[in-house]
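Scroll down for the structure; my scribbles are underneath it.
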Protein chains: 2
Amino acid sequence: MLNSYSSADKVLLAVDCIIFGFDHEGLKILLIQRDFEPEKGKWSLIGGFLKKEEVLDTAAIRILDRYTGLQDIYMEQLHAYSDIDRDPVERTISVAYFALINIENHNAELIQNYHAQWFSVANAPKLIFDHDSMLRHAIRRLRYRTSIKPVGFELLPEKFSMRQLLELYEAILSKELDKRNFISKINSLDILIKLDEKDMQSSRKGSYLYMFDKEKYDAKLLNDFVLNL
Amino acid sequence: MLNSYSSADKVLLAVDCIIFGFDHEGLKILLIQRDFEPEKGKWSLIGGFLKKEEVLDTAAIRILDRYTGLQDIYMEQLHAYSDIDRDPVERTISVAYFALINIENHNAELIQNYHAQWFSVANAPKLIFDHDSMLRHAIRRLRYRTSIKPVGFELLPEKFSMRQLLELYEAILSKELDKRNFISKINSLDILIKLDEKDMQSSRKGSYLYMFDKEKYDAKLLNDFVLNL
DNA sequence: ACTATATAATGTAGTTTTTACACTTATTAT
DNA sequence: ATAATAAGTGTAAAAACTACATTATATAGT
């Protein structure tokens with residue numbers, strides 16, 4: 001049994017990132033066009049290999065940083081994918097992560113250099129390998145996560161209007177929400193700060209801006225909420 | 001980029017299984033006592049190494065079978081654990097799975113041969129490596145999963161009484177539930193068959209036995225239910 | 001300065017769901 | 001016959017959820 005360590009097979013471990021962003025057009029993901037075979041020219045999630053002395057979370061952070069120039073981003077491990085022929089080049093197990101970023105903050109130059117591009121989740125191209133499956137899982141997980149944890153805000157600017165928040169949740173859930181009911185449910189969570197500032201872009205009247213109140217949320221010491229939208 | 005395959009590090013991949021069972025004493029897990037160093041004599045989850053030409057799910061199934069003699073068991077991938085020194089012998093990433101078995105069916109002789117043993121989840125011993133963390137995650141996931149999928153039944157005999165089902169959910173959630181409210185919520189899911197048979201062990205009056213109606217459930221074509229207990 | 005326009009902001013009544021709670025029934029061991 | 005034990009059952013009050021329409025505000029255009 002002890003020597004099972006030495007007799008056991010070693011494999012390549014990849015990390016693939018589903019990087020979510022959000023803007024006026026809706027929910028988006030960052031994809032990269034492969035410039036080498038196989039599947040050259042096809043679209044792919046952004047990924048890389050795990051280094052031997054590296055934790056998976058760190059690898060995901062490293063990869064995200066490399067392609068977006070962003071640090072301190074919400075990331076979450078999704079699932080390990082291990083189909084035998086999932087990568088035709090070599091037996092590779094991939095651990096998928098998803099990231100939620102404020103799309104305004106990414107380094108546009110960087111992603112251009114890497115031939116990366118933002119796509120609407122709704123009409124993303126077909127992806128290589130099992131990346132479509134990863135994306136589907138990520139969306140499902142994102143729906144669940146945003147219904148119990150205050151992570152949706154990661155996709156918005158620091159200051160945002162109720163309309164932006166509403167549209168964010170509509171994009172995540174792929175369904176229309178009633179504005180009044182939505183606002184009262186959000187308000188009942190009691191985790192936002194209403195600012196004196198208004199966003200004057202969207203209308204003549206202007207709409208108040210809000211911020212996520214992390215201190216207040218943490219102070220509640222509740223683990224999860226339930227946001228039934 | 002292509003040669004990043006050849007330059008990338010390969011690592012050992014382990015699979016560890018949180019095997020849940022349930023009996024009159026409550027929710028249990030199957031643990032094994034290590035008979036080799038390091039951590040000899042300590043309790044551990046049941047695990048093994050992934051083979052090069054093997055899918056993770058298959059490895060989990062193989063490991064479960066080896067220690068319990070059971071096939072066709074509900075299993076679900078939990079998370080990949082990758083702390084650098086999580087296994088002091090060698091750099092090993094572990095993918096944890098949890099399994100739900102009918103505890104009556106396991107092969108008692110097998111687990112004896114392996115020095116495995118059932119423990120109440122409530123007072124399980126300290127486990128090696130990061131296995132305590134895996135167990136905590138597994139319980140959290142089990143709570144969630146049983147609230148949206150009809151998998152709790154996997155832990156019960158094919159025929160079970162409402163009391164058994166109630167006590168199962170109480171064990172999973174670690175809280176008392178109101179009997180009448182529980183029964184009406186379960187009944188409103190409309191996924192059980194009430195048998196003519198009674199369990200005469202528990203009381204003079206005897207309690208009706210039920211079975212999970214998989215056909216009916218599948219026919220509904222709903223993905224998930226919500227069971228707020 | 002008046003008006004038109006466009007989005008922001010707000011409240012409620014009806015319905016459904018959830019909760020808390022206690023007595024009767026059925027069986028058999030004595 | 002009766003004592004004992006768990007099984008089985010219903011309801012009223014509270015809370016949550018749903019559907020829905022009008023008024024308010026700032027400015028751009030005249």
Side-chain angles (χ1 to χ4, degrees), chain A residues 23-26 143 146-148 156-157 159-171 173-211 220 222 224-229, chain B residues 23-26 143 146-148 156-157 159-171 173-211 220 222 224-229:
Chain A
D23 66 14
H24 58 279
E25 292 176 318
R143 285 178 185 158
T146 51
S147 80
I148 62 166
L156 294 175
K159 300 171 180 183
F160 52 86
S161 66
M162 276 293 176
R163 159 178 284 248
Q164 279 176 291
L165 190 60
L166 171 69
E167 286 175 355
L168 171 65
Y169 274 91
E170 287 183 330
L173 299 172
S174 297
K175 70 172 182 191
E176 288 204 347
L177 298 173
D178 179 275
K179 184 173 49 157
R180 278 178 290 188
N181 293 341
F182 175 80
I183 291 174
S184 62
K185 282 173 184 183
I186 291 292
N187 282 333
S188 76
L189 295 180
D190 187 30
I191 55 174
L192 294 186
I193 303 170
K194 184 174 187 172
L195 304 173
D196 285 333
E197 224 170 319
K198 280 187 165 185
D199 167 25
M200 300 308 292
Q201 306 307 114
S202 62
S203 73
R204 303 211 206 288
K205 182 178 175 183
S207 54
Y208 281 104
L209 291 171
Y210 294 78
M211 286 177 67
K220 287 182 198 286
L222 48 74
D224 294 337
F225 49 68
V226 181
L227 191 47
N228 272 328
L229 297 175
Chain B
D23 64 15
H24 57 281
E25 292 175 318
R143 284 179 186 158
T146 51
S147 80
I148 62 166
L156 295 174
K159 299 171 181 182
F160 52 85
S161 65
M162 275 294 177
R163 159 178 285 250
Q164 280 178 289
L165 191 60
L166 172 69
E167 286 176 353
L168 171 65
Y169 274 91
E170 288 183 330
L173 299 172
S174 297
K175 71 172 181 190
E176 287 204 347
L177 298 173
D178 179 274
K179 184 173 50 157
R180 277 178 292 188
N181 292 342
F182 175 80
I183 291 173
S184 63
K185 283 173 182 180
I186 291 293
N187 282 334
S188 76
L189 294 179
D190 188 30
I191 56 176
L192 295 186
I193 304 170
K194 183 174 189 172
L195 304 175
D196 285 331
E197 225 171 320
K198 280 187 165 185
D199 167 25
M200 300 308 292
Q201 306 308 114
S202 61
S203 74
R204 307 242 153 87
K205 184 177 175 181
S207 55
Y208 280 104
L209 291 170
Y210 293 78
M211 286 176 66
K220 287 181 198 285
L222 49 77
D224 295 336
F225 50 69
V226 181
L227 190 48
N228 272 329
L229 296 177

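Order of the sequence lines sets the chain letters (A, B, ...), proteins ahead of strands, with each chain counted from 1.
- Nucleotide C:dT10 holds its P atom 9 Å from the OH atom of A:Tyr208, rounded to whole Å.
- When distances run from any side-chain atom of A:Arg163 to the nucleotides C:dA8, D:dA7, C:dT28, the shortest one goes to C:dA8.
- Within 4.0 Å (heavy atoms only), A:Asn228 reaches sugar-phosphate atoms of the nucleic acid but no base atom.
- Under 4.0 angstrom from either OP1 or OP2 of D:dA7 there lies at least one side-chain N or O belonging to B:Ser202.
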inquiry  = For a salt bridge (charged side-chain N to carboxylate O under 4.0 Å, His left out) check, start with the C-alpha distance between B:Asp190 and B:Lys220, then their side-chain angles and the critical distance, and finish with the verdict.
reply    = CA-CA 10 Å; B:Asp190 188 30; B:Lys220 287 181 198 285; 3.4 Å; yes

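- Applying the 4.0 Å criterion to OP1 and OP2 of D:dC20, one finds that A:Lys179 has every side-chain N and O outside that range.
- Residue A:Lys159 qualifies as open at atom NZ: its count of foreign heavy atoms under 6.0 Å is 12 or below.
- Residue B:Met162 is classed as having no contact, given no heavy-atom separation below 4.0 Å to the nucleic acid.
- Nucleotide C:dA20 holds its P atom 16 Å from the CZ atom of B:Phe182, rounded to whole Å.
- Closest approach to the B:Ser207 side chain among D:dA7, C:dT7, D:dA26 is made by D:dA7 (side chain taken as heavy atoms from C-beta onward).
- Not a single donor-acceptor pair, N or O on each side, falls under 3.5 Å between the base of C:dA8 and the side chain of A:Arg180.
- For C:dA4, the base has no donor-acceptor partner in the side chain of A:Arg204 [N/O atoms by modelled type, under 3.5 angstrom].
- For the pair B:Lys194 and B:Tyr210, the cation-pi criterion (under 6.0 Å, within 45° of the ring axis) is not fulfilled.
- Annotation: B:Tyr208, atom OH; neighbour count of heavy atoms from other residues, nucleotides and ligands within 6.0 Å does not exceed 12.
- Side chain A:Lys205 to base D:dA26: no donor-acceptor pair is found below 3.5 Å.
- Closest approach to the B:Asn181 side chain among C:dA8, C:dA20, C:dG11 is made by C:dA20 (side chain taken as heavy atoms from C-beta onward).
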